[in-house]
Amino acid sequence: MKTLFTVLSVIALPLCAAAGDKLAGTPIGTAEGYNYENNRIERNIQGRAFDGDLDTYFATNQRSYTWVGLDLGEPFVIDKVGWAPRTDPDGYGERRVQLGVIQGANSPDWLDAVPIYMITEKGTAGLMSYDDVDCSMGFRYVRYVSTSDARCNIAELEFYGTPGEGDDSHLFQLTNLPTVVINTVDSQEPYDKEHDITSNIIIIADNKANVDKPGSVRERGNGSRQFPKKPWRIKFDKKQNVLDAPAKAKKWTLINNYGDKTLMRNLVAFEIARRADMPFVAWSRPVDVILNGEFKGCYQLTDQIEVNPGRVEITEMEPEDIEGDALTGGYFIEIDAYADQEPEGSWFVTNNRQMPVTVKSPDDGGTPEQLAYIRDYLSNIEWLISNRKFGKNGDEDYRDIFDVPSFVKHFIVNELVGNTDTYWSTYMYKDRLDPMMHTGPVWDFDLGFDNDSRTYPIHKHSNEYLYRFHGSSAANGMKDFANGVLINDSRTKYDITEIWADARTNRDLTPDALKEYIDRTAELLDASQQLNFMRWPILNECVHQNPRALGSYEAEVDAVKEYLDTRFADLDRLFDYDPESGISSPAITAPLVPMVIGSTINLTDGTTFTVYSVDGTEVFAGSGTTPALPRGIYIVRTALGAAKVAL
């Protein structure tokens, strides 16, 4: 991998051969400064960062979101910056400037602020450091925002440039990844999941503003909110197209991936879901995030999981949809262990197993009629499964209203990824006039790929499905629901094998293909992950549910690749798939008794069947007797099972 210095040097090419003039202006910044020598708060001392004296400094009483800068009086295109850290007796000053962000703005409230430079190396006490700036836009206001908990602590700050408004043809990005800039009113930090903080949100990609729109930000998530690196939801005032996302929407998610030291577990899991042919998989891109001038690290910008074109594409219900066909959908629900934390009227428990369910759409649970409809519909499915209504002897069949293939795909993705929380949170949806309840999308894999101390190492439990492990978690009643579909219904064994075999054989769901994807993603993330772990130095710590700390980003990525080799082998065995021949052979069931007649294969009861050669090629589909076939080994499949036949 390239070093960080090399990557950022490529990004920070100078715009001109020689810097413009050193600029002067009115010092501005955090109101309450701090004098360490006298241990007291002092106001209006921002000018100390511009007095040309390396022995004076500007520090703040406030520990984070602190800054100092200049009002230049008119816009200037900045082409060079200089800085020097505070000299302190403990030697902390030199590292306090690392990850400091230099911004420009044209509004005094800084809502339009964008980064123009980031300090990635430690400073040198008593010495100015200089570097070129790679931004074509002119700014009236310029400032230095220190990293968190640094209290600014800068001795000198210098700006060089030429007068002019410039243009937006080339903006600065922190790394090769898009930079997401969130500027809130009065620099207020998001503090809970309920209160949206008014903001302006700017996304810079390919050195241009992809989005620059008003909106809001708040915290999101449940357990992930407890980490020092916070997850956020951003919401634009109007629907926006973001980067190359298929959806045009207001709401977007910034996943923090704090306990995932590869910063890519969700990305890899979503790629697995695509190869498993799930109908909707969240769009995601890794990004760098700046909040009110502070660098917050590498995040994952992702679709909000919601009903919307390009996301969960079902009918969006209105309050008047309370009878007839209109009442049948669409509904988007989450079987959710945290459901009881949601507002009253937006969640329910099922009638039989008391599974907790949050209604995601219609909003706020919908009308009483809509809430009752979807509660009773899911409760009926649950009752049919619990009472083994599997269509035998003309009996009812839960499969008439529950889409088993989508449930199986969801199960396979989570089993392969090793998601201990597969059934802690499970999304399902039902569209208008569609009798089927479908499962998906998949979500939340930061504990996947052997990253959970409750089940690590997963290989030691390889004789059973992961969701049945003692250490796995699930919402109340959900393991029984899954057992009913996956274990008690004998037909599902065939579904699992069939879907797994199709993905393995036809959709490039292989260890080698995924490891190639991981390597490409690691290369994409390289510069950003280095900055991230400067900001959050946890590579030698166990955080969240980490079972081990491997000490380096490269080792964390290698561990995921090693896990995949083992996990694929375990699931090939559990799912009755032969990776050498590319065909599967679940245990034969009593009704499947193929007969060999000469060089043909026959099912005497008239059942429709399919015959495959050992290389996975279909050689016959129909009923009765096959044409004459060459000598060899074949797989015969029906909806009830499969068997190997030798000719």
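The shown structure was predicted, so the numbers you read here are calculated from the model rather than taken from an experiment.
Using the six-membered ring where Trp is involved, Phe449 and Tyr563 have ring planes that are perpendicular, over 60° apart on the 30 and 60° scheme. Ring pair Tyr429/His438 is parallel by interplanar angle, where below 30° counts as parallel and above 60° as perpendicular. Between Tyr423 and Phe407, the two ring planes are parallel [angle under 30°; tilted spans 30° to 60°].
No donor-acceptor pair under 3.5 Å is formed between the side chain of Asp288 and the backbone N or O of Cys298. The backbone N or O of Ala513 lies less than 3.5 Å from no partner atom in the side chain of Glu516, so there is not a single donor-acceptor pair. With hydrogens and angles disregarded, no donor-acceptor distance shorter than 3.5 Å links the side chain of Ser472 to the backbone of Arg468. Side-chain atoms of Ser361 never come within 3.5 Å of backbone atoms of Asp363 as a donor-acceptor pair (strictly under, hydrogens ignored). In this structure, the side chain of Glu382 does not engage the main chain of Ser386 through any donor-acceptor pair within 3.5 Å. Judged purely by atom type and a 3.5 angstrom limit, Thr626 uses its side chain to pair as donor or acceptor with the backbone of Ile601. Thr179 places a side-chain N or O within 3.5 Å of a backbone atom of Leu174 that can act as its donor or acceptor partner. Side-chain atoms of Trp443 do not come within 3.5 Å of backbone N or O of Gly440 as any donor-acceptor pair. Under the 3.5 Å distance criterion, the side-chain polar atoms of Glu415 are matched with a main-chain donor or acceptor of Leu466. Asp303 places a side-chain N or O within donor-acceptor distance of the main-chain N or O of Trp283, the cut-off being under 3.5 Å.
Between Ile201 and Lys235, the shortest heavy-atom distance links the atoms CD1-O, 4.3 Å. Scanning all heavy atoms of the two residues, the minimum distance from Asp489 to Tyr398 falls at OD2-OH, 2.8 Å. Nearest heavy atom pair, residue Asp508 against residue Arg275, reads O-NH1, 2.8 Å. When every heavy atom of Ala247 is checked against every heavy atom of Trp252, the shortest pair comes out as O-CH2, 3.6 Å. Closest non-hydrogen pair, Thr439 versus Met278, comes out as O-CE, 4.0 Å. Pairing each heavy atom of Phe445 with each of Asn414, the nearest pair is CE2-OD1, 3.3 Å.
Within a 6.0 Å sphere centred on CZ of Arg388, heavy atoms belonging to other residues, nucleotides or ligands number 12 at most. Counted within 6.0 Å of NZ on Lys392, heavy atoms from surrounding residues, nucleotides or ligands total 12 or fewer; the atom is thus considered open. More than 12 heavy atoms of other residues, nucleotides or ligands sit less than 6.0 Å from atom CG of Asp565.
Relative to the six-membered ring of Tyr377, Lys430 meets both conditions, a distance below 6.0 Å and an angle of at most 45° to the axis. With Tyr299 as the aromatic partner, Lys229 meets the cation-pi criteria of under 6.0 angstrom to the ring centre and within 45 degrees of the ring axis. Taking the ring axis of Trp500 as reference, the NZ or CZ atom of Arg573 does not stay both within 45° of it and closer than 6.0 Å to the ring centre. In this structure, Arg399 forms no cation-pi arrangement with Phe390, as its terminal cationic atom is not both closer than 6.0 Å to the ring centre and no more than 45° off the ring axis.
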Apply the test salt bridge (Lys or Arg N to Asp or Glu O under 4.0 Å) to residues Lys561 and Asp519: give CA-CA distance (whole Å), side-chain angles for both, the deciding distance (0.1 Å), then the verdict.
CA-CA 9 Å; Lys561 294 192 289 186; Asp519 287 339; 2.8 Å; yes

When you look at Asn483 and Tyr467, which way does the side chain to side chain donor-acceptor pair (under 3.5 Å) test go after all the steps?
CA-CA 10 Å; Asn483 285 338; Tyr467 82 89; 2.6 Å; yes

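Outside the 6.0 Å centre-distance limit, the rings of His544 and Tyr258 are not counted as a close aromatic pair.
Of the charged side-chain nitrogens involved, none lies within less than 4.0 Å of a carboxylate oxygen, so that Asp446 and Lys261 do not count as a salt-bridged pair.
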